[in-house]
Protein chains: 2
Amino acid sequence: MIPKVTAKDVAKLAGVSQSSVSRVYFEGASVSAKTKKKVLEAAEELGYRPNEFARSLITNRTKIIGLVMKGVQNPFYPQVLKQFTSEFKKIGYSILFVHTNNDEIQKDDIDILLNYHVAAVIITDATLSLSAMEEFKDNKIPVVLFNRKVVKSDFYSVCCNNLKASEAIGEFLIAEGCTKLAYIAGNANTSTSIERERGFTNIVEKHNVHLKKYSSDYTYEGGYNTAREIISKKQLPDGFFVANDIMALGVLDALRENQIAVPNDTKVVGFDNIEMASWPTYNLTTWEQPMDEMIAETMTYLINEIENYTGIAKNIEIDGKLIVRETTKKGVD
Amino acid sequence: MIPKVTAKDVAKLAGVSQSSVSRVYFEGASVSAKTKKKVLEAAEELGYRPNEFARSLITNRTKIIGLVMKGVQNPFYPQVLKQFTSEFKKIGYSILFVHTNNDEIQKDDIDILLNYHVAAVIITDATLSLSAMEEFKDNKIPVVLFNRKVVKSDFYSVCCNNLKASEAIGEFLIAEGCTKLAYIAGNANTSTSIERERGFTNIVEKHNVHLKKYSSDYTYEGGYNTAREIISKKQLPDGFFVANDIMALGVLDALRENQIAVPNDTKVVGFDNIEMASWPTYNLTTWEQPMDEMIAETMTYLINEIENYTGIAKNIEIDGKLIVRETTKKGVD
DNA sequence: TAGATTTTTGCATACGTATGCAATTATTTC
DNA sequence: GAAATAATTGCATACGTATGCAAAAATCTA
């Protein structure tokens, strides 16, 4: 039974006061090199480590970031999780992982985040009710919607510029010679799907190109089934824009199953540039989300807000770029 | 500026003592129905929520589980993360997510877990030095290695029975008529790869079937490149056992690229039964890890240890089952 | 109904740290 | 080297909760 070692114990051994011990571990406090050395030696000997809870209790701050995620099946998001975790670790923050099943994050999850007084919240793949947002505001906890945005102007969001991106994709497919296009949507109520649809539609209509839209759900099965349905109804277009990569892979598999050659018979463009998009079997043309910038932008905002809460709301949109692969090569019969 | 509301405030409004408020929120404490009602109403009105930090400080317990993960690229692990998060949420625990880059979890990550006094630790795809394990023991923090095990008998681990599984896979491939087999290993120092290799080798040698082993690294690229190398060296076997699914997908893609027909020219068996294994493009025969049981086993152990620490060490191994798909159908030329 | 017993309550204190303030020590200035 | 200034230290207290103990209230017993 190891007795728990506190700052007081260290202080006694080092022959200083508990305050001095505290100051050694508190960034920016003033301690002489001499005491610091004594304290660190004593701490080492006793195996002392500051108690985060006592710390948070008194500073009323934590070094915990709440990260809310829904779709761990879509490889894009584990990647986001990993990067945030690594980046925040560098500046001493840890990640409280919250998994939600709903598009809109629910009360029980919000309670967790509030009970732990997280320093900030990142919501990657879901949204938030206005009243929930108020709760965070009341507690001066900054929140970022990552890869989602909300029409209400009370939220800070960081996205790829979905509108511009999907317009570019539209231009690209038309330039490639497509004359009959299809858009396969993600979950209907997500900002990403809505904006990708809008941008794409804008351009396609501008060029008077035929477009048919299909609803789906951002999953592999969704893409696969939608494509099968399109094929069985003999509505095959000569170009697909699929709202995310994982669905696009499903589409490609359905096409392959039906001996429909890509890119010759039809072309496919996805969105996200997940790792699998570059696998030789798929070689999917897609839009690369500027993940690093998006993460950097999110962190900059959050760190500032943690230091100095303003509650400012804004939609940040960062351009990505088209990654052209084999699913859209110029068609030669 | 919303003033922070504490148990004292609630007490005043409800006309009771702070102790009574505390008792309302503390499971198993004795409070009359009357006071409970008064307190809950007052709390509702003020928007009170207990401060987890003050709580942990005094109880010296937390409701936080540390979950350490390395390979978020392998879809098996996000699934694990999701399930643990959901299950633990049901019993009031939250997940502190720790990402490690090393096979062996490093000091800085251990510090995080210890500083937060996590109630328990789950390490999913890495291991731990003996001295690090001692630290957790000293602090009476139970640790489970999930899907990894260690020869030293100081660790509690929960795995699928890799030995039995890989023996069964060996028997299966031989029964399918394979006479020249290949094993593609995962990271060399992982228990999973070692045991899968051993079990498979045991059976193959018993049947005097030819076997060649290749080293790789549990990634898609690893599987892909290894298979390409095998092909270019003209060492193509008539059956592969690949140590995990994500590598097996790489193998399948390399085979397809070289117009090698599966299962006719060669067969492929993976391990994990990740979602993608069932995708029509791959249709991979694989071993299903009994994830639900593994998670249940882990949780039962941890909850008991949290209640009543023993530090008992044991290797739990649970059988899975072979999922036969198209990559191993009986060969007919 | 009075006494015995159980349940509920409030008081006071403890958990381990950070921090304002005053006292002490070290450093600078002339 | 003395005075002025700056840096460091210790003291005491506060953070918001849980809990042992004793007092009070409620319930039971006969």
Side-chain angles (χ1 to χ4, degrees), chain A residues 2-40 42-43 46-64 92 111 114-119 139-140, chain B residues 2-40 42-43 46-64 92 111 114-119 139-140:
Chain A
I2 304 282
K4 179 163 32 177
V5 26
T6 75
K8 207 184 288 179
D9 304 323
V10 176
K12 198 188 293 175
L13 180 60
V16 299
S17 72
Q18 179 266 322
S19 317
S20 291
V21 175
S22 168
R23 289 187 177 104
V24 169
Y25 290 89
F26 190 79
E27 191 133 7
S30 105
V31 224
S32 68
K34 204 178 354 170
T35 21
K36 187 164 185 174
K37 182 158 172 285
K38 282 194 292 184
V39 167
L40 288 178
L46 297 177
Y48 168 74
R49 59 182 66 254
N51 182 322
E52 284 295 332
F53 294 109
R55 214 164 221 203
S56 291
L57 178 58
I58 194 159
T59 58
N60 201 25
R61 305 168 134 230
T62 65
K63 292 285 205 172
I64 302 179
D111 282 343
L114 290 173
N115 287 352
Y116 280 106
H117 281 73
V118 292
N139 289 280
K140 300 195 169 184
Chain B
I2 304 279
K4 178 161 38 175
V5 26
T6 76
K8 207 184 288 179
D9 303 324
V10 176
K12 198 188 293 176
L13 180 59
V16 299
S17 71
Q18 178 267 321
S19 318
S20 292
V21 176
S22 168
R23 288 187 178 104
V24 169
Y25 289 90
F26 190 78
E27 191 133 6
S30 107
V31 224
S32 68
K34 204 178 356 168
T35 18
K36 186 165 185 173
K37 182 158 172 288
K38 282 193 292 186
V39 166
L40 288 178
L46 298 177
Y48 168 73
R49 57 184 67 252
N51 181 322
E52 286 294 333
F53 294 109
R55 222 169 212 196
S56 292
L57 178 57
I58 195 159
T59 59
N60 203 24
R61 307 169 132 230
T62 66
K63 292 283 204 171
I64 301 179
D111 283 344
L114 290 173
N115 287 352
Y116 280 107
H117 281 73
V118 293
N139 289 281
K140 300 196 170 184

Between protein and nucleotides 5-8 of chain D, what N or O pairs are separated by less than 3.5 Å?
| unit_1 | atom_1 | unit_2 | atom_2 | d |
| --- | --- | --- | --- | --- |
| D:dT8 | O3' | A:S32 | OG | 3.4 |

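OP1 or OP2 of D:dT19 has not a single side-chain nitrogen or oxygen of B:Y25 nearer than 4.0 Å.
Legend: salt bridge (charged side-chain N to carboxylate O under 4.0 Å, His left out) pairs involving residues 46-60 of chain B, not counting sequence neighbours, sorted by first then second residue: A:D111-B:R49, A:E135-B:R49, B:E52-B:R55.
Under the rule for a side-chain hydrogen bond (donor to acceptor under 3.5 Å, both in side chains), the partners of A:T35 that lie at least two apart in sequence or sit in another chain are A:S32. In this view, B:Y116 satisfies the ring-ring contact (aromatic ring centres under 6.0 Å, His included) rule with no residue, not counting sequence neighbours. For the side chain to side chain contact (heavy atoms under 4.5 Å, CB included) test, residues two or more places apart in sequence or in another chain that qualify with B:A14 are B:V16, B:K38, B:V39, B:A42. With sequence neighbours left out, A:S22 forms a side chain to side chain contact (heavy atoms under 4.5 Å, CB included) with A:Q18. For B:K37, the salt bridge (charged side-chain N to carboxylate O under 4.0 Å, His left out) partners at least two apart in sequence or on another chain are B:E41. When the side chain to side chain contact (heavy atoms under 4.5 Å, CB included) test is applied to B:D9, the partners found at least two apart in sequence or on another chain are B:V5, B:T6, B:L46. Qualifying salt bridge (charged side-chain N to carboxylate O under 4.0 Å, His left out) partners for A:R61, counting only residues two or more places apart in sequence or in other chains: none. Taking the ring-ring contact (aromatic ring centres under 6.0 Å, His included) definition, one finds that B:F26 meets it with nothing, sequence neighbours left out.
Which of C:dA18, D:dT19, D:dG10 sits closest to the side chain of A:S22 comes down to C:dA18.
Remark: C1' of C:dT8 and CZ of B:F26 are 17 Å apart, rounded to the nearest angstrom. Atom-to-atom, NZ of B:K36 to P of C:dT8 comes out at 11 Å; the value is rounded to the nearest Å. Rounded to an integer number of Å, the gap from CD of A:E27 to P of C:dT19 is 12 Å. B:H117 has its NE2 atom 20 Å from the P atom of D:dT17, to the nearest Å. Atom P of nucleotide D:dC11 and atom CZ of A:R23 are separated by 11 Å, given to the nearest angstrom. The distance between atom CG of A:D9 and atom P of C:dC15, rounded to the nearest whole Å, is 11 Å. To the nearest angstrom, C1' of C:dT8 lies 12 Å from NZ of B:K38. Summarising the geometry, the separation between NZ on A:K8 and P on C:dT17 is reported as 10 Å, rounded to the nearest angstrom.
Across residues 51-64 of chain B, B:L57, B:I58 each have a non-hydrogen atom less than 4.0 Å from an atom of DNA chain C (numbered order). Using a 4.0 Å cutoff on non-hydrogen atoms, the parts of residues 10-19 of chain A near DNA chain C are A:Q18, A:S19, ordered by number.
Taking the six-membered ring for Trp and thresholds of 30 and 60 degrees, B:F53 and A:F53 have ring planes inclined between 30 and 60 degrees apart.
In this model, a donor atom of one side chain and an acceptor atom of the other lie less than 3.5 Å apart for A:K4 and B:N60.
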